[in-house]
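Following: one structure in structure tokens, then a few remarks.
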Amino acid sequence: QVQLVDSGGGLVQAGGSLRLSCVASGRAFSSYSVGWFRQTPGKEREFVFSASRSGGLTFVASSVKGRFTLSRDNAKNTAYLQMNSLKPEDTAVYYCAATPSTARLTVSSTYDFWGQGTQVTVSS
């Protein structure tokens, strides 16, 4: 098993940047693919970005492509979501997630472990 703690959210103006962190404890982080999802009230959890165990295979949602980047440092058991050029529509609670699977990494039900979420608010 792995436990995830995500952090780094906050209030930022449109056009600004934030970096979210996801720190894992427990089993070796390199054993897991990692994903970031986001959710707003009344809506389903939405895929944002994912990376395979080594980080060599990544998937990104079209809504954030070119603005967000996922990276992972397995030595530090940490994954990051760098968010640039933020827009008000990026406002959501962001969750990191982990799975031992290497397939269907854009689907939330693939993931077995979740962080508690961190709020990102982008003002116009």
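Scope of the values below: all heavy atoms of this structure, side chains included, with no hydrogens, waters or symmetry mates.
- Listed here is the closest heavy atom pair of Leu20 and Gly9: CD2-N, 3.5 Å.
- The nearest pair of heavy atoms linking Pro88 to Ser124 is CG-CB, 3.9 Å.
- Between the side chain of Arg67 and the backbone N or O of Ser85, at least one donor-acceptor pair lies under 3.5 Å.
- Under the 3.5 Å distance criterion, the side-chain polar atoms of Ser108 are left unmatched by any main-chain donor or acceptor of Arg45.
- Taking CZ of Arg72 as the reference point, atom SG of Cys96 lies at 11.0 Å (rounded to 0.5 Å).
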Report the C-alpha separation of Met83 and Val120 in whole Å, then their side-chain angles, then the decisive distance to 0.1 Å, and conclude whether the side chain to side chain contact (heavy atoms under 4.5 Å, CB included) test is met.
CA-CA 10 Å; Met83 306 187 296; Val120 171; 3.8 Å; yes

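- Considering all non-hydrogen atoms of both residues, Arg53 and Ser30 come closest at CB-O, 3.3 Å.
- Ala51 and Leu70 get closest at one heavy-atom pair: CB-CD2, 3.5 Å.
- Thr118 places no side-chain N or O within donor-acceptor distance of the main-chain N or O of Tyr94, the cut-off being under 3.5 Å.
- Listed for the Gln116 side chain is a donor-acceptor partner under 3.5 Å among the backbone atoms of Asp6.
- In this structure, OG1 on Thr40 lies 11.5 Å from CG on Asp90, to the nearest 0.5 angstrom.
- For the pair Leu57 and Thr102, the minimum side-chain heavy-atom distance is 4.5 Å or more.
- Gln13 has its side chain within reach of Ser123: a pair of non-hydrogen atoms, C-beta onward, lies under 4.5 Å apart.
- Under a hydrophobic-cluster definition in which Ile, Leu, Val, Met, Phe, Trp and Tyr are linked whenever side-chain heavy atoms come within less than 4.5 Å, directly or via other members, Val93 and Leu81 are assigned to different clusters.
- Side chain of Thr78 to backbone of Lys76: a donor-acceptor contact under 3.5 angstrom is found.
- A side-chain contact (heavy atoms from CB on, under 4.5 Å) with Phe68 is found for one member of Val48, Leu18, Asn84 and no other, namely Val48.
- The closest side-chain heavy-atom distance from Tyr95 to Leu4 is not below 4.5 Å.
- Rounded to the nearest 0.5 angstrom, Asn77 CG and Tyr32 OH are separated by 11.0 Å.
- Residues Phe59 and Phe47 meet the side-chain proximity criterion, which asks for heavy atoms closer than 4.5 Å.
- Shown here for Trp36 and Ala79, the closest heavy-atom pair between the two residues is CZ2-O, 4.1 Å.
- Proximity of a side-chain donor or acceptor of Tyr111 to a complementary backbone N or O of Leu105 within less than 3.5 Å is detected.
- Looking at heavy atoms from C-beta onward, Ser63 lies in side-chain contact with Glu46 at the 4.5 angstrom threshold.
- Nearest approach of Ala92 to Gln119, heavy atoms of both residues: O-NE2, 3.4 Å.
- Put simply, the side chain of Ser21 never gets that close to the backbone of Gly8: no donor and acceptor are under 3.5 Å apart.
- Looking at Arg38, its side chain never comes within 3.5 Å of a backbone N or O of Thr91 through a donor-acceptor pair.
- Atom-to-atom distance recorded for Tyr80:OH and Thr69:OG1 is 14.0 Å, nearest 0.5 angstrom.
- In this structure, the side chain of Asp112 does not engage the main chain of Gln1 through any donor-acceptor pair within 3.5 Å.
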